[in-house]
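Naming: A, B, ... by sequence-line order, numbering from 1 per chain. All values derive from a computational prediction rather than experimental measurement.
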Amino acid sequence: MKNAMDFRNLLNKDNNIVQLIMMTILIFVVMTALSPDKFLRYYNFESITYTFPELGLLSIAMMIAMLTGGIDLSVIGIANLSGIFAGVMFKKFATDAGVADTGFGIVLMGGVIALGTGLVAGALNGLLITRLKITPILATLGTGQIFTGLAIVMTGGPAIVGFPNAWAFIGNGKILGLATPFVLFVVLACLIAFMLRRTTFGINLMLIGTNPKAALFAGLKREKMVLLSYMLTGVMASIAGIILSGRTNAAKSDYGTSYLLQAVLIAVLGGTNPAGGRGTVLGVSIAVVALMLLSSGFQILRFSNHLIDFIWGAFLLLVIALNAYKNRTR
Amino acid sequence: MAWFQKSEVVIAGILVLAMILIGLVNPAFWSLDNMFSLLRSNIIIGIMALGVLLVMISGGIDVSFPAFAVAAMYLTIKGMLYFNYDGVVLPFVAAATMGALFGCLNAFFVYKFRMIPLIVTLGTGSMVRGFLLGVVGTSMININKMPDALIDFGKSDIINMVKPDGTTFGLTAMILVYVGLAIALHFVLRYTMIGRGVYALGGDPEAASRVGFNIRKITFFIYCVAGALAGFAGLLHSGMIWLANPRDFVGLELDVIAAVVLGGASIFGGRGSVLGTMLGVFMLVMVKNSLIIMKIDTTWQRVVVGVIIVIATAITAWRDRRANA
Amino acid sequence: MSENFIELRNVRKEFAGVVALNDLSLTIRKGEIHCLAGENGSGKSTLIKVMSGVYQPDAGEVHIDGNRVENLSPMASIEHGVQVIYQDFSLFGNLTVAENLAMNVQLREQRRVLSWRRVREIAKEAVNRLGVELDLDKDVEQLPTAGKQLVAIARALMSDARLIIMDEPTTALTGKEIETLFRIVKDIQSRGIAILFVSHKMREMLEISEHITVIRNGQKVADGPTSDFDEALITRHMTGSDIVSEPYIWNREKYGVMPPRVETRDLSSGSDLDKINLSIKPGEIVGVSGLLGSGRTELALALFGMMPGYSGTIAINGQETTLDTPQDAIKAGVAYVPEDRLSEGLFLTQGIDRNMLSTSYEKLAPGLLIDQNKAEEWVETMIRDMQIATPTGKKLVKELSGGNQQRVVIARWLLTNAKFLILNGPTVGVDVGSKAEIHRIIRELAQKEGLAVLMISDDVPELVHNCNRIVLMHRGAFVEEMASVDTSEDQISDKLKNLT
């Protein structure tokens with residue numbers, strides 16, 4: 001019976017992207033109908049190109065973890081900690097003129113520190129999962145606490161405010177008339193998509209997620225690949241953290257906590273199988289755009305953030321129900 | 001059964017060791033005053049942990065219960081104020097019922113759509129909390145508005161003592177509520193068919209349905225009871241702190257899950273016991289509270305909790321692997 | 001009272017337009033041992049599920065004790081006394097033997113509260129009824145497979161069974177255990193309980209049953225008393241064609257002068273392997289026979305780098321090598337087709353291409369990127385060479401038959417240019433037709449390409465027909481080596497039974 005279910009899933013696989021695009025169009029049309037003058041403004045779409053990349057990157061990070069049947073609940077912690085480490089360093093090196101005019105070299109170093117944080121944090125997750133064989137849920141739940149905890153220790157609670165201008169450019173600037181975060185997102189998404197389809201690493205992740213035991217017997221370097229995948233997840237999270245701190249000019253231990261649910265939701269909505277073995281960057285990217293349109297539409301309609309949380313939760317359940325209906329279980 | 005007992009003995013052993021250690025750093029740890037307040041801190045997290053234990057034995061995980069707890073608590077108290085009702089029994093029944101209804105939502109999605117419980121409960125938790133804060137309200141209900149009967153109930157002690165300096169301290173009677181619920185759950189898990197069904201479901205869901213367990217009934221039972229316990233704990237919490245804060249319990253799921261895992265339950269289902277969970281809760285609460293006694297900055301609290309989760313899960317993972325080898 | 005216990009009349013079952021059972025009738029008399037024979041996918045499991053009430057037939061009737069039963073539910077089926085022992089036994093590994101044994105009775109009595117004293121009583125009675133020894137306080141997951149099966153049978157007996165359906169009960173058992181099982185089956189029968197023995201192993205069917213029904217493509221193709229059948233006839237009914245196999249002859253002139261592909265000296269590992277000295281020359285197919293737990297699988301794992309820390313030496317192609325990881329073994333030219341194809345061999349929801357190439361990706365990507373053209377070319381070649389029935393390499397492996405799936409696994413290793421192939425149960429769960437085809441492929445590879453093959457199998461005829469040498473393993477050591485031309489199946493079967 002389970003086989004039959006998977007089979008239908010597969011028939012739907014190619015339709016998945018089409019369905020996502022249709023859903024996006026539907027959201028677009030409904031929101032336009034509800035509030036045409038506000039929703040259709042150029043400014044609205046431009047602001048979306050600034051806000052969605054950080055969530056998009058976190059969702060792709062989540063998808064990468066899910067490919068091997070895992071999950072990374074520490075992405076938000078990693079993102080914040082990366083921003084905070086960089087911010088603390090900038091404060092250290094701040095000249096009399098203030099943090100804003102920090103030299104390019106130091107900003108670059110901040111970037112290295114932030115990315116390095118993601119890499120080390122991801123490696124910690126990966127090692128706990130592959131070496132100590134802790135279930136990904138619990139391992140990343142624990143490390144998420146540690147990362148957030150360290151962020152509190154570093155900041156003592158309040159936000160670190162004030163980042164160099166060059167850093168803010170990553171979150172606020174424009175390249176060729178397009179939002180820097182957006183450009184960054186497109187580049188990274190293409191890179192990851194390409195990597196998943198055309199490199200040994202990418203295909204190994206899919207195979208390991210499909211059947212870890214068979215991967216072992218096929219001689220795949222399972223532990224190494226899973227470790228690398230969590231390191232990649234960590235780096236993606238830290239890039240999201242860089243964008244977030246650049247955009248808001250601040251870093252805090254509890255920023256973006258609602259992103260965790262949203263990243264899981266977007267990954268699942270984008271066609272990722274949380275049990276492993278299936279997921280595409282394209283699907284996740286469309287899903288994040290669709291949901292950002294939805295969310296911005298509701299904001300225009302003056303829904304509170306809490307209500308939007310409610311809607312996200314309801315949407316996740318709806319997606320589960322629809323997927324199940326499509327596959328007709330029970 | 002020897003296996004279970006062994007694992008609990010190990011937890012208890014570690015616990016005693018940790019207590020001796022903390023006591024050596026600061027003998028004030030052993031004061032009755034500190035012990036009583038420690039026990040008091042066990043109650044809410046402990047009752048919630050009982051619910052999570054149930055879910056974990058069945059092979060699931062629940063991250064929605066803090067939202068259920070806060071929603072049940074806030075709605076109940078709002079209702080009490082609205083109807084000007086001042087009592088104890090009915091509100092607790094109402095809060096537990098509300099929690100159970102929320103739990104039904106989890107059960108429905110987990111059973112009907114066979115979706116991974118983590119994702120379902122992420123969704124329901126976000127929904128319920130979003131609804132509470134977005135629709136019902138975000139304002140705190142302070143002690144001056146709180147129903148008196150609830151506060152009086154929360155204040156009741158079983159032991160009252162007077163310190164040399166004249167101040168009084170006591171052991172809250174709520175501990176009896178916690179222990180009572182724990183005993184009840186232990187009884188259900190050990191001596192009822194539905195309790196054994198929870199273990200069977202966690203051991204092998206396919207086999208459980210083949211031998212004739214009603215999986216739907218068991219799934220609903222699990223999540224409804226977990227929800228009811230959360231709702232109950234939520235209201236009890238507000239009675240004990242004389243405050244109803246709709247933003248309460250954020251992030252508590254991590255502590256509770258950590259406690260249950262510390263108590264020896266397996267995230268893969270099929271293993272776990274009430275006694276172990278209570279020990280796990282005690283351990284977690286003790287370590288967290290003792291940071292102050294041990295003169296460690298409280299900002300380190302989350303780091304310590306995280307480290308405890310990682311160590312505890314590493315040990316259980318190692319144990320499970322050895323058991324299967 | 002009718003003499004028949006259960007009777008299916010003209011049953012039909014479709015799934016989304018695919019006919020699984022077509023106008024199928026089956027009668028099981030009270031207290032008989034009945035064999036249901038059929039290849040994989042012939043409709044055996046659908047038939048079991050109709051009898052156990054899991055599926056409702058689309059057409060046709062079910063009669064129990066001469067009365068027509070409508071809408072047979074799983075619970076109703078159990079109440080009528082139908083018990084199914086599935087291949088995985090449906091036991092709870094996390095619970096004790098006693099609780100597992102008592103579970104069904106407690107459920108049937110619709111108890112809400114359970115008394116542990118009563119659990120023990122029921123368990124004791126169950127064990128007594130079966131006449132076996134079992135540690136009631138052990139967790140089931142700590143029992144060996146045969147022990148789990150006993151628990152499952154004892155549990156079924158406690159449910160006042162009148163028909164026990166056993167789905168491939170001998171798959172995970174060997175020699176002595178099968179003998180014990182058969183003794184128990186006969187004993188159960190003597191109490192008037194009917195047994196439906198679902199199998200595809202011919203010798204067993206002929207040995208145990210009184211009546212045989214053969215189904216193919218959801219239809220009954222033959223039934224009658226067992227005395228009317230022999231192996232060849234059953235095979236013919238199951239497959240619809242005759243299959244003749246000739247014994248494998250090693251080309252000694254061509255390969256005898258070459259150095260051995262694999263040679264071990266005093267290979268030992270803990271209590272699993274005890275001073276194994278094995279040497280296989282190119283073109284040889286060496287069979288390994290032994291009971292479960294004899295160390296045969298451990299031998300395979302050691303040679304595939306999955307038993308690090310072994311003592312003794314392993315030389316591949318005359319080169320002494322340390323095999324501490326599967327990667328070491330693969331690099332040295334060793335290939336392993338694991339026993340459980342579905343869980344250990346295949347990535348079911350992935351395409352044929354990825355399954356075949358899984359071990360070769362690093363070779364396909366000398367730089368960073370995979371050479372797509374080369375990859376496609378390799379897959380196409382393999383599909384052609386292995387005669388896999390598929391229009392494209394993108395087809396998902398789970399949509400293939402067992403035989404084609406096994407070819408995909410073998411193809412994976414041929415792509416790595418393996419020189420030494422270890423096959424653990426190469427045709428378990430493969431239907432008779434594909435089985436012969438897989439044997440042909442393996443023999444050809446050995447004969448023409450000089451592949452050295454180590455074949456581990458429970459299936460004695462398979463070893464006798466396909467190997468030039470057979471070694472008998474027991475307690476981690478080689479106890480005897482035979483040339484298969486001088487050995488008959490019965491001789492080996494007898495030797496296996498006499499091992500203690």
So what's closer than 4.5 Å to chain C heavy atoms on M206(A): side chain, backbone, both or neither? both
Chain A contact via R354(C) - side chain, backbone, both or neither, heavy atoms under 4.5 Å: both
Keeping the roles fixed (side chain from T180(A), backbone from I170(A)), state whether a donor-acceptor pair exists under 3.5 Å. no
Establish, yes or no, whether a centroid distance under 6.0 Å links the rings of W413(C) and F304(C). yes
Report the residue from L423(C), V337(C), T427(C) that forms a side-chain contact (heavy atoms from CB on, under 4.5 Å) with Q406(C). V337(C)
Looking at S358(C), P326(C), A375(C), which makes the most heavy-atom pairs under 4.5 Å with chain A? S358(C)
For chain A, which candidate among A329(C), P338(C), A365(C) shows the most heavy-atom pairs at distances under 4.5 Å? P338(C)
Has Y310(C) got a side-chain atom pairing as donor or acceptor with L323(C)'s backbone, closer than 3.5 angstrom? yes
Is a donor from one side chain sitting under 3.5 angstrom from an acceptor on the other, for D340(C) and S343(C)? yes
What part of I330(C) gets closer than 4.5 Å to chain A, counting heavy atoms only: side chain, backbone, both or neither? side chain
Which portion of F194(A) sits near chain C, non-hydrogen atoms under 4.5 angstrom: side chain
Between L301(C) and chain A, which part of the residue has a heavy atom less than 4.5 Å away: side chain, backbone, both or neither? side chain
Under 4.5 Å from a heavy atom of chain C, the part of L220(A) involved: both
N-O pairing of R12(C) and E14(C) below 4.0 Å: yes
Among I203(A), N204(A), L216(A), which residue forms the greatest number of heavy-atom pairs with chain C at distances under 4.5 Å? I203(A)
Do E362(C) and K331(C) meet the salt-bridge criterion of a basic N to acidic O distance under 4.0 Å? no
